[in-house]
Every structure is written in structure tokens, then in C-alpha cells.
Amino acid sequence: MDVGSSNESHDSDIELSDSEYESLYSCYSGEDVEGLDEYPTPTTSVSSPDRYGVFERLYRCHPLSSIGKSHLEHGNQIIMPRSALALLLDLEVDEYPMLFKIENRPSERLSHCGVSEFTAEEGSVYLPKWMMENLQLDNGDFVDVKRITLVKGTRVCLQPHSSEFFRVSNVRAVLETSLRSYFCLTRGDTIVVNYNSKDYYFNVVDTKPNSAVCIIDADVEVDFVPSLDSERQFPEPPQPAKRETDLPLSDVVKPQSLYKTADHAAKTGAKVVVAETSKNKVFQPFTGKKYSLRD
């Protein structure tokens, strides 16, 4: 972990177009920019740490793959700039691991994460691809990062996207090892774990006791619900064989057409079935079985 110099400036200005700032200022301040003579100076600071004693910053986000950090894709650890570490040290943050709420305010999507290192360019953060997709972020979009504290998790419910994961030997051991790359879990997220060079995706269906929990050094019970493709695991029950009376009408020959089909049936070996209707049934007396007291 790189430790930044405390002499560095904590704020670095970001150049925004008028349209970009209009959207951001309205979103984060709740005020309409129409009618303002001039916009406030845009910086990465959303809330003043000196005034409120909290860390909350606005950064441009980029995928981890753009800086060759693809090994962090299977987890929720982000990379932040060195000035962020200097600011956190000034705030005397002594809780580890450091956890953050990361939010795309325009889309009202949020998640939670830890930090891997403080080596990003000033004004930027680098996120896993799955997290950017969950937050509906594109490369270069703005994201709000705020330091928070999460309670220890007690229960997590996951839904695999593919039933193939259940064919892995010792599913729980594999998942326990894979989840060590995650500092926390957020209800509603879709996370990814890698096993034997294959990615497996999971929906975080539920977390207890809160909607976001820390899972580092926590005794967490992990439950599963049926996978998204579970309906394909159960084939349709076989249909019973059709009886002659169940044949479609096209296969049933009416009595009056027998003379037309007799020759054809003889030549092809086809079975001729006579459809019985109430109209053709005629009562015939004394045609039943004969019984006698002598029998």
C-alpha cells in the first residue's frame, strides 16, 4: 500500500463541461442551476471533511483492466488516489478494513466496497467490471465515494446464475475461499467468483442483519436459492402413450369413408380405426354374454 505525502493538496480540480456540471450540481445539491449567474467551482469534494468530519468524494471511474489490475476483478476492492489516503489519515480513520459506499446518484444505484491500494491518478478511482455494470457506470462517469462503517454479517443468501456451480466439488469450501476477496456484500448486487479459470455469477438475494454487511472476520451463514436456470434442471414428464380413441380426428376414418380407404389400407398396411358416435350406435338385443345356472 502506497502512503501519500500529507503535504499534497487534498482537492484536485476536475474540468467539467457546462452540461456535465449542470447535471452533477443538480443531482448532488438538489438545486436547479437555472437562474444562477455562475456555477460554484467544481472539485472532487462533495462534502467538506474539515467541516463534517467525513470522507466523501466525487471521482471519475474507470475499469481495473485499464491499468492492468484484472486480478482484482473477482472481488470488491477498488483503487483510489494517494490524496484520499492522506485525507483519511487526517481524519484519524482507525477502522480496518476501510469500507466505502459507492454510488451513482443519477441512476440511484449503490454498492459497498473496500480499497486495495492508493495508487490511482488524482481525481480517478478504478472499479471491477461487475461493479460498474451493477452501478450502470461507463468509463469516465462520475461516482460518489463515501467512507462508512458496516456491521458484521450473520447470514447471506445467494442465487447462482447457473446450476453448473452446484456440480463443483465441495461448493461451500470453494465459495468460502472465493469470498475472501470481498470485504462486504450488498443486497441486490450481482457478484462474480472464479474457480478453475471459470467465472460464476451470483445474485445477492439477502443479507442479515442489514442490507449491506461486512464479511471480514465474521461468522456468516451462507444459504442458496435455486439457480436462475433451475427450471431447465427438471425435464417435462413423459406423456402417456396415445390410445386409439385419443388419435386426432385426421387419423380417424368415418364409416362412410371406409370404402375409399380399404384399398389404401391394404396396400400400405395402415390401421383403420372406426370412430364410434352415438348416431351410429344401434341397440341390438340378446348380444351379450350368456350365463346359465348350470355353469
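Every heavy atom of this structure was used, including side-chain atoms; hydrogens, water molecules and symmetry mates were not.
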Q.
Are Asn196 and Lys198 packed together at the side-chain level, in the sense that at least one heavy-atom pair is separated by less than 4.5 angstrom?
A. no
Flag, side chain of [X] to backbone of [Y], donor-acceptor distance under 3.5 Å:
X      : Y      : result
Asn134 : Thr190 : yes
Ser124 : Ala120 : no
Arg172 : Val222 : yes
Asp229 : Ser163 : yes
Arg187 : Thr207 : yes
Ser178 : Val174 : yes

Using the rule that Ile, Leu, Val, Met, Phe, Trp and Tyr join whenever any side-chain heavy atoms are under 4.5 Å apart, tell me whether [X] and [Y] fall into a single cluster.
X      : Y      : answer
Tyr126 : Val145 : no
Val225 : Leu179 : no
Trp130 : Leu110 : no

What's the separation between atom [atom1] in [X] and atom [atom2] in [Y], rounded to the nearest 0.5 Å?
X      : Y      : atom1 : atom2 : result
Glu103 : Glu56  : CD    : CD    : 8.0 Å
Ile102 : Cys61  : CD1   : SG    : 7.0 Å
Tyr200 : His161 : OH    : NE2   : 14.0 Å
Asn104 : Asp144 : CG    : CG    : 10.0 Å

Polar contact flag, side-chain donor to acceptor under 3.5 angstrom, [X]-[Y]:
X      : Y      : result
His74  : Asp199 : yes
Glu122 : Ser83  : yes
Ser227 : Gln159 : no

Q: Check the surroundings of atom CD in Glu121: do more than 12 heavy atoms from other residues, nucleotides or ligands lie under 6.0 Å from it?
A: no
(Q) How about CG on Asn139, more than 12 heavy atoms from neighbouring residues, nucleotides or ligands closer than 6.0 Å, or not? (A) yes
(Q) Would you call the rings of Phe224 and Phe165 parallel, tilted or perpendicular, taking 30° and 60° as the class edges? (A) tilted
Q. Do Asp223 and Arg155 pass the salt bridge (charged side-chain N to carboxylate O under 4.0 Å, His left out) test, and can you show the C-alpha distance, the side-chain angles, and the key distance before you say yes or no?
A. CA-CA 8 Å; Asp223 293 329; Arg155 178 181 177 273; 2.9 Å; yes
Q. Which atom pair, heavy atoms only, marks the closest approach of Pro128 to Ile78?
A. CD-CG2, 4.3 Å
Q: Take Arg147 and Leu99, measure what side chain to side chain contact (heavy atoms under 4.5 Å, CB included) needs, and give me the verdict at the end.
A: CA-CA 6 Å; Arg147 197 196 76 81; Leu99 301 178; over 6 Å; no
**Q.** From Asp189, Leu135, Val143, residue fulfilling side-chain contact (heavy atoms from CB on, under 4.5 Å) relative to Arg109
**A.** Leu135
Q.
Using the rule side-chain contact (heavy atoms from CB on, under 4.5 Å), only one of Asn76, Leu72, Leu137 pairs with Leu127; which is it?
A. Leu137
